[in-house]
Number of protein chains: 2
Amino acid sequence: MYKKVARREDIIQAAIEVFSKKGFQSASISEIAQRAGVANGTIYQYFKNKEDLFFSIPVEKTNEFRSQVALHLEGISGVFNKIRKFVWYFLYFFKTNPDYGRLLMLELRVNRSFAKTETYDFLKQSVRSVWDILEEGQKEGVIRTDVDIYILRHLVLGILEHMVSRWLLKDAQYDILEQHQQVSRVLIDALRGEAPNGS
Amino acid sequence: MYKKVARREDIIQAAIEVFSKKGFQSASISEIAQRAGVANGTIYQYFKNKEDLFFSIPVEKTNEFRSQVALHLEGISGVFNKIRKFVWYFLYFFKTNPDYGRLLMLELRVNRSFAKTETYDFLKQSVRSVWDILEEGQKEGVIRTDVDIYILRHLVLGILEHMVSRWLLKDAQYDILEQHQQVSRVLIDALRGEAPNGS
DNA sequence: ATCAATATTGAATATGATTCATTTTTATTA
DNA sequence: TAATAAAAATGAATCATATTCAATATTGAT
């Protein structure tokens with residue numbers, strides 16, 4: 001029946017709204033149920049518990065992020081141009097999705113139980129493109145190989161996630177996107193390293 | 001009476017143990033009270049509520065971190081040597097304090113209410129040394145000035161906090177300290193920028 | 001139209017934070 | 001030392017919510 005599919009979606013949609021506004025802790029099942037137009041018990045038909053519902057939220061948005069990154073990178077050549085574009089889109093995505101950003105960056109991303117879910121693995125895949133770009137750059141000889149690719153990924157995701165987290169904690173008051181060029185600049189210098197310059 | 005001072009300490013100590021093991025959500029006041037050897041109600045004599053107790057934890061450890069950083073930086077000259085030492089101590093501190101690390105990195109650091117407390121401001125001061133080092137480097141002309149110092153700080157703290165967070169989420173299985181040299185290397189290249197090389 | 005299967009409901013239960021009237025301890029004074 | 005007031009501690013009662021489940025309603029098949 002078509003309604004069954006819709007129900008689950010309704011609940012998730014209501015959950016996004018309530019969890020985004022209140023955070024996991026102070027969001028209540030009653031409010032989510034009410035907003036979804038179902039009884040409290042119905043939620044437990046679709047989700048094991050409050051946490052399970054919470055953890056189901058990022059699936060849809062992760063799909064969006066992944067496909068949009070792929071789309072934006074399409075046709076771009078040159079490893080550093082790809083880095084620039086990724087940095088831009090990462091900041092753009094959270095600038096345009098601050099509510100979801102709060103859930104992802106300030107709650108889910110650092111949740112130990114969430115880190116053990118399949119959704120988390122799925123989420124990690126969404127930044128797979130960074131890994132691919134770094135690997136490509138190392139093969140082409142434009143990205144340093146004297147440092148583990150893991151470290152380079154920590155560098156790229158570290159600065160981006162840190163910036164977005166701090167920005168969200170400050171209630172997204174300033175325009176985070178304005179800084180994308182400076183971020184790309186330092187990252188590219190770090191990734192290139194000294195060797196390619198022959199200094 | 002001397003016991004009165006000790007009471008508050010007892011409760012905080014018990015809270016560190018219980019919150020570290022279980023996280024904020026599933027730690028219970030009863031367990032903390034029991035471990036501290038007081039009744040449930042006593043906790044509310046010293047702390048407004050569960051969250052207030054949670055937020056009181058980082059004060060002591062922050063003091064330790066700050067004074068140790070200052071001590072380790074003492075006598076070191078050269079901006080990049082200071083960066084290297086800070087990176088090393090940052091990783092060392094969390095390697096030797098993983099329980100506290102979980103509380104700080106995975107819960108407090110991303111908590112919106114905590115970001116509004118005085119303790120949070122105090123905590124931010126603990127990484128003041130990074131700012132000082134960066135400023136010193138810019139004055140000396142060895143650190144790039146074509147990028148905001150804010151961005152440079154995001155870079156340094158971003159990679160470090162990201163590394164520690166991921167490591168804690170993976171149950172601190174590997175030795176995070178092993179990577180300190182590689183981290184310093186990429187950071188220093190990023191901070192130096194291209195210009196000083198004359199390329 | 002009937003029936004079995006499935007989905008929904010919301011009152012009852014369970015868990016755990018918080019309150020507060022009572023009791024205990026501490027400090028002060030004679 | 002005893003009496004008394006002030007401060008601290010207690011834990012049973014209260015309150016707020018997540019979760020359960022027996023009863024009810026809806027759906028799809030024949």
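We name chains A, B, ... by the order of the sequence lines, and we start the count at 1 in each one.
The interatomic distance linking B:F47 (CZ) with C:dT19 (C1') rounds to 18 Å, in whole Å. Spacing between atom NZ of A:K50 and atom C1' of C:dT15 amounts to 13 Å, rounded to whole angstrom units. Spacing between atom CG of B:D10 and atom P of D:dA8 amounts to 16 Å, rounded to whole angstrom units. Between the CD atom of A:Q45 and the P atom of C:dA7 there is a distance of 7 Å, rounded to whole Å. In this entry the distance linking CG of A:D52 with C1' of D:dA18 reads 14 Å, nearest Å.
Judged by distance alone, the side chain of B:R7 and the main-chain N or O of B:Y46 form no donor-acceptor pair under 3.5 Å. The closest donor-acceptor contact from the side chain of B:D171 to the backbone of B:Q173 lies at 3.5 Å or more, if one exists at all.
Remark: A:A27, A:S28, A:I29 in residues 16-36 of chain A come within less than 4.0 Å of DNA chain D through at least one heavy atom.
Between A:K82 and A:L73, the shortest heavy-atom contact is O-CD2, 3.6 Å. Closest approach of A:N40 to A:Y44, counting heavy atoms only: O-CD1, 3.6 Å. For the residue pair B:M105 and A:V110, the shortest heavy atom distance occurs at O-CG1, 4.1 Å.
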Between the protein and nucleotides 11-13 of chain D, which nitrogen or oxygen pairs are less than 3.5 angstrom apart?
| unit_1 | atom_1 | unit_2 | atom_2 | d |
| --- | --- | --- | --- | --- |
| D:dG11 | N7 | B:G41 | N | 3.4 |

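Contact check, A:R7 against C:dA7: no side-chain N or O comes under 4.0 Å of OP1 or OP2. Between C:dA7 and A:Y46, no contact under 4.0 Å exists linking OP1 or OP2 to a side-chain N or O.
Looking at A:F54, A:Y120, A:F24 one by one, the single match for ring-ring contact (aromatic ring centres under 6.0 Å, His included) with A:F114 turns out to be A:Y120.
B:V69 is not listed as a side-chain neighbour of B:F90, based on a closest heavy-atom distance of 4.5 Å or more. Put simply, the side chain of A:Q179 does not reach to within 4.5 Å of the side chain of B:Y150, judged on heavy atoms.
Distance from the side chain of B:Y44 is smallest to C:dT18 among C:dT8, D:dA9, C:dT18.
The aromatic ring centres of B:F47 and B:F55 sit 6.0 Å or more apart.
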